[in-house]
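Naming: A, B, ... by sequence-line order, numbering from 1 per chain. On a predicted model such as this, the values are computed, not experimentally measured, just so you know. What's counted below: heavy atoms across the whole structure, side chains too, no hydrogens, waters or symmetry copies.
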Amino acid sequence: MPQNLNKTLRTLCEDIQESDIGKKFTFKGWVMHYRDHGGLIFIDLRDYSGILQIVFDENIDKESFKIAKKLKNEYVVSITGTVRKRPQGTENTGLKTGSIEIISESVDVLNTCEVLPFQIDEENDVNEFTRLKYRYLDLRSKRLKENLIFRSNFTYLIRDFLNNKGFFDIETPFLTKSTPEGSRDFLVPSRLNEGHFFALPQSPQLFKQILMVSGFERYYQIVRCFRDEDLRSDRQPEFTQLDMEMSFVETEDIISITEDLFALIFNKLLNIKLEKPFKVLDYDEAMDKYGSDKPDTRFELLINNLTDTFTNSALNVFKDNIQKGGVIKAICLPNGSNLLSRKDIDELLNIVKDFGAKGLAWTKVGENGLLEGGIAKFISDDEREKTVARLGAKNGDIIFYQSDSKKTAESVLGRLRLHLAKTYGLIPEGRFDILWVVNFPLFEYSEEEKKIVSVHHPFTSPAEKDLNKLENNPLSVKSDSYDLVLNGEEIGGGSIRIHDTKLQGKIFEILSISPEEAKAKFGFLLDALSFGAPPHGGIAFGVDRILMLLKNENSIREVIAFPKTQKAYCPLTDAPSVVKDIQLRELGIKLRETAGKNLKSE
RNA sequence: GGGGCUGUAGUUCAGACGGUUAGAACGCCGGCCUGUCACGCCGGAGGUCGCGGGUUCGAUCCCCGUCGGCCCCGCCA
């Protein structure tokens, strides 16, 4: 795939093959390894195509040899020499060019290199801060180079696919309006409008809908989004989305084009055939069986409902909870008795408490489906038989129970499920499980805000079948939305949007957003929707996260050229940093006394 | 905002009941070496033990604080 930009002057390392033996070429690149044998020197020359061995022999070219004596790692050199076959027995099967080598007839040092702060391509893990500070060196490593080239191929494939499907790549503003909904905005002060601020977009959501009103019908963009929230291994404050929107479509259309796109990506980039259509899981079922709206389906360990079994339980925690409307749910860890010591089980209690659990009931499964240990003595024969049957529990298994509200029990067991799977290696390597989660609730009740809020965003269309429930039972209304989940990570999501201003007004009403407030926040979108907005919908994908999963990396930092630390700091550029007082003055900004107590001086 | 782990040579790590010269490997510097490919061999240099304070006769080690890093919770379409 690498191409030579200057054919007459330079040849790329991996363009050379055995058929070139005897021919003379010029190569340019970096000294990757240097091996001095006294009268004979070898270097591995690296350019962006790959690696090629160069030999310096004092009997062949004294001048070359003299210069080569002074070469060091990562010097940049230009070498002219003749291709020859390596002597028998000295071939290197680990190299693409391992059967040949170049005998140098002339060498120029184009640049020298300081002693490196860390060794490139070392198998030791170098401190990530140091790697980020010298990111340009880290990017010379095979792994990161391959990741970024993979990323380039990935976005190319997407653009090619969508362009051919009649999509238009349209840019939307980075300097835009702050919206209080959603995550915290990055603010940018306006010099020409003192005291006013732009926000960097959390996503191009509103603009892509407006483009549908404009009649483009098919829009996409591979675009940076900004959210000022705390970082995680799969979250950076600036990240890249593949953003798409289409007019005159329904959920099935969006699902179908997404499946085609992902099948193509997996096929072309990983040589993996994805089965179409993808699995589809109802939100309720996902919560019920996996305790998560982004279920990891690569392993079983499903959650089961035992509420009906334990209505008359001798355990008051079970019985009282059920009477209060709670549930009893459980998962069964195969062979758990052998995997976990008593101490491990005790430690699990602390772990599930962090997940929000009040406790952790458990029983071991013995011979003939008898239960032992934990709460076994409080379980009647009838309860035991039903429990063992429902969970399919076998001798040696451990069953973990949660007695709590439906929401808490499911979320605790869902997280325990993932914890156990990771700890006891239940997740198969190298497998990709992709599926849709659909039928999300449109609203949920926010304890924090004491009001109904959108699960997705306020422009998500209610499912048509539930329109009649909007008035009386809004929390039971499902939305016309869909999430794409890969290996238990949400990699994309979208919805059919509301294109009717009347329905949109109704939604705002349910969300306790007054017409005035709606107008102030989203007036431009509401105006747009009132001028002949077509039915439309779309989806957006987390590009960094997808790449992380496809490349089997543990952090999105490994697929981003210049990522930030967990404090959103860039060690390479030392950003963010303090600015000159005059810059603030121009913006009409004065720092609070308490701001930046330990400012780094400029 | 909270929890966990962590900071010793350029890098990755070891280390000491609190005790006098803090080690190894790789890298670096010098030398030797004509078939290596993480070349090999010989020799050498290199450390405010993150920073500040405290306890102590004495702290890199113990205590407190602080800064940085990673993971997670909260937060996040």
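For Q53(A) against rU36(B), a side-chain N or O and a base N or O form a donor-acceptor pair under 3.5 Å. Between the side chain of R184(A) and the base of rG74(B), no donor-acceptor pair of N or O atoms lies under 3.5 Å. In this model, a side-chain donor or acceptor of D230(A) finds a partner on the base of rG74(B) within 3.5 Å. A donor-acceptor contact under 3.5 Å is not formed by the side chain of R227(A) with the base of rC76(B). Between the side chain of E101(A) and the base of rG35(B) there is at least one donor-acceptor pair of N/O atoms closer than 3.5 Å.
Ring centroids of F239(A) and F226(A) are separated by 6.0 Å or more, keeping the two rings apart. Aromatic ring centres of F262(A) and F541(A) lie closer together than 6.0 Å. Aromatic pair F440(A)/Y482(A): ring centres not closer than 6.0 Å.
Each of D44(A) and P117(A) was matched to the nucleotide of RNA chain B holding its nearest heavy atom; the match closer to the 5' end belongs to P117(A). Between H457(A) and Q119(A), the residue anchored nearer the 5' end of RNA chain B, judged by the nucleotide with its closest heavy atom, is Q119(A).
Under the Watson-Crick and G-U wobble criteria, each requiring two contacts below 3.5 Å, nucleotide rA9(B) is left unpaired. Pairing for rG52(B) is with rC64(B), a Watson-Crick or G-U wobble pair whose two hydrogen-bonding atom distances lie under 3.5 Å. Pairing for rU36(B) is absent, with no Watson-Crick or G-U wobble pair whose two atom distances lie under 3.5 Å. For rC17(B), there is no paired base (Watson-Crick or G-U wobble, both distances below 3.5 Å).
Checked against rC75(B), rG35(B), rG69(B), the side chain of E229(A) finds its nearest nucleotide in rC75(B).
The aromatic ring of H37(A) does not sit over the base of rC33(B); the criterion of centres under 5.5 Å apart with planes under 30° is not met. Remark: ring of F118(A) does not overlap the six-membered base ring of rU11(B) in a stacked fashion, as centroids less than 5.5 Å apart with planes less than 30° apart are not both met.
Among the protein residues, F129(A) comes within range of the sugar-phosphate backbone only, with heavy atoms under 4.0 Å from sugar or phosphate atoms but none that close to a base. Backbone-only engagement by S183(A) is indicated by non-hydrogen atom pairs under 4.0 Å involving sugar-phosphate atoms exclusively. Among the heavy atoms of the strands, none lies under 4.0 Å from D228(A). Nucleic acid contact class of G182(A) (heavy atoms, under 4.0 Å, all strands): sugar-phosphate only.
OP1 or OP2 of rC39(B) lies within a sub-4.0 Å distance of a side-chain N or O belonging to R35(A). Between K72(A) and the phosphate of rC29(B), there is a side-chain N or O to OP1/OP2 separation shorter than 4.0 Å.
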Short N/O separations, protein against nucleotides 70-72 of chain B, under 3.5 angstrom:
| unit_1 | atom_1 | unit_2 | atom_2 | d |
| --- | --- | --- | --- | --- |
| rC70(B) | OP1 | Q566(A) | N | 3.4 |
| rC70(B) | OP2 | Q566(A) | N | 2.8 |
| rC70(B) | O3' | R557(A) | NH2 | 3.1 |
| rC71(B) | OP1 | R557(A) | NH1 | 3.4 |
| rC71(B) | OP1 | R557(A) | NH2 | 2.7 |
| rC72(B) | OP1 | S233(A) | OG | 3.1 |
| rC72(B) | OP2 | S233(A) | N | 3.2 |
| rC72(B) | OP2 | S233(A) | OG | 3.3 |

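Without hydrogens or angle criteria, R86(A) side chain to G98(A) main chain gives a donor-acceptor distance under 3.5 Å. Between the side chain of T240(A) and the main chain of R224(A), no donor-acceptor pair closer than 3.5 Å is present.
Looking only at side-chain heavy atoms (C-beta outward), E74(A) and R140(A) come within less than 4.5 Å of each other.
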